[in-house]
Peer 1: 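The structure's right below; bear with me while I get my questions together.
Letters A, B, ... are given to chains in the order of the sequence lines, protein chains preceding strands, and every chain is numbered from 1.
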There are 2 protein chains.
Amino acid sequence: MQDRLTTLFKAVADPTRREIFHALVIASSALSITQISNQFEMTRQGVTKHIKTLEDAGLVHLDTKGRERFCNANAKPLKELSKWMTFYEQFWDNSLDNLDHFLNTSKDA
Amino acid sequence: MQDRLTTLFKAVADPTRREIFHALVIASSALSITQISNQFEMTRQGVTKHIKTLEDAGLVHLDTKGRERFCNANAKPLKELSKWMTFYEQFWDNSLDNLDHFLNTSKDA
DNA sequence: TACTTTAGCAACCATAAAGTTGCATATTAA
DNA sequence: TTAATATGCAACTTTATGGTTGCTAAAGTA
């Protein structure tokens, strides 16, 4: 369907999803779908969809206990985004001389 | 309309846009819209739209010369994404102990 | 057993997004 | 001045996306 990087970037491109993810990261314990829903002005089903997207991206892990599903954040996949950006870091501060730097640092690699 | 982080993440969440951006970053000189279009199996208008999105995110700078518009990549805005991720780095390798680390590093801030 | 809570699933809606075609316009070349 | 090139703009199509409502089922509780 779509590559991992795209899945990850899209998951995080939605502001609501970033909020949910953040809430889970700083939560003192795993939160159920309903608990998360209560923190947002949105239906439970809406939250469920976002959780699914985050889960697909590997940013959330679900743990079913009885009738509840507890969500845990997993920040690890963000490493992949960070890694993608690494290449462009060399161009951050010399946007006008992209070529030179690129050639100098990669031609003999 | 939407916050900067969202604009940025969305710009970069599209694989075609990442390709265009990459092509511009490693290009030896600014490329015109037509020149970029020739590198992609897409109409010129399609590319124009992507360029517009990248421009809105600040990742591309346009420079009109005569009837042509030359595009330059600007990687600087990626810093903002990187900055966003910084907070979550502390959770990369201890996804199960999010709370503890968070409390230890931010409670007295 | 009856009631309540947690959640999934499906259908639906509105809007955004990716990409297209067609046409008008400005600039450059012949 | 005529032709060719580079582009923008607008309209349109298709498919995703964010969100909703309504219903069903499973798991606890009284």
Peer 1: Taking donor-acceptor contacts at under 3.5 Å, does the side chain of R67(A) reach the base of dA27(D)?
Peer 2: yes
Peer 1: Can you tell me the distance, in whole Å, between the CG atom of N38(A) and the P atom of dT5(C)?
Peer 2: 12 Å
Peer 1: With a 3.5 Å distance limit and no angle check, can you tell me whether T48(B) reaches the backbone of R44(B) through a side-chain donor-acceptor pair?
Peer 2: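 It does hold such a pair.
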Peer 1: With sequence neighbours left out, which residue pairs that include part of residues 18-38 of chain A fulfil the ring-ring contact (aromatic ring centres under 6.0 Å, His included) condition?
Peer 2: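 The answer is F21(A)-Y88(B), H22(A)-F87(B), H22(A)-Y88(B).
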Peer 1: R44(A) side chain: which of dA7(C), dA17(C), dG28(D) is closest?
Peer 2: dA7(C)
Peer 1: Below 4.0 angstrom, which residues in residues 45-66 of chain B have at least one non-hydrogen atom near DNA chain C?
Peer 2: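 Q45(B), G46(B), K49(B), H50(B), G66(B), in order of number.
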Peer 1: Got a salt bridge between K49(B) and D14(B), using NZ or NE/NH1/NH2 to carboxylate O under 4.0 Å?
Peer 2: no
Peer 1: Test your reading of the model: is there a side-chain donor-acceptor pair from T7(A) to the backbone of D3(A), 3.5 Å cut-off?
Peer 2: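 Answer holds: yes.
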Peer 1: Round to the nearest Å and state the distance from I33(B) atom CD1 to dC9(D) atom P.
Peer 2: 11 Å
Peer 1: Can you identify which nucleotide, out of dT4(C), dT20(D), dT7(D), has its nearest atom closest to the M42(A) side chain?
Peer 2: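 For M42(A), the side-chain atoms sit closest to dT20(D).
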Peer 1: With sequence neighbours excluded, tell me which residues meet side chain to side chain contact (heavy atoms under 4.5 Å, CB included) with K65(B).
Peer 2: D63(B), F70(B)
Peer 1: dA7(C) C1' sits how many Å from I36(A) CD1, rounded?
Peer 2: 13 Å
Peer 1: Do D56(A) and R4(A) sit within salt-bridge range, that is, some charged N less than 4.0 Å from a carboxylate O?
Peer 2: no
Peer 1: In whole angstroms, how far is the P atom of dT15(C) from the CD atom of Q2(B)?
Peer 2: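 For the pair Q2(B) CD and dT15(C) P, the rounded distance is 16 Å.
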Peer 1: Atom CG in L81(B), atom CG in L59(B): separation rounded to 0.5 Å?
Peer 2: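 The CG atom of L81(B) sits 8.0 Å away from the CG atom of L59(B).
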Peer 1: Which sits closer to the 5' end of DNA chain D, K10(A) or Q35(B), going by the nucleotide each is nearest to?
Peer 2: Q35(B)
Peer 1: Kindly state which residues belonging to residues 13-21 of chain A come within less than 4.0 angstrom of DNA chain D, counting heavy atoms of the residue only, listed by number.
Peer 2: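 Per residue number, the list reads D14(A), T16(A), R17(A).
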Peer 1: Listing request: all ring-ring contact (aromatic ring centres under 6.0 Å, His included) pairs with a residue in residues 30-65 of chain B, at least two apart in sequence or in separate chains.
Peer 2: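 Of all non-adjacent pairs touching residues 30-65 of chain B, none passes ring-ring contact (aromatic ring centres under 6.0 Å, His included).
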Peer 1: Does a side-chain N or O from T43(B) land closer than 4.0 Å to OP1 or OP2 of dG19(C), or not?
Peer 2: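 No.
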Peer 1: Taking only residues two or more places apart in sequence, or in another chain, which ones meet R67(B) in a side chain to side chain contact (heavy atoms under 4.5 Å, CB included)?
Peer 2: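 Result, side chain to side chain contact (heavy atoms under 4.5 Å, CB included) vs R67(B): none returned.
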Peer 1: What's the CD-P distance between E68(B) and dT7(D), to the nearest Å?
Peer 2: 5 Å
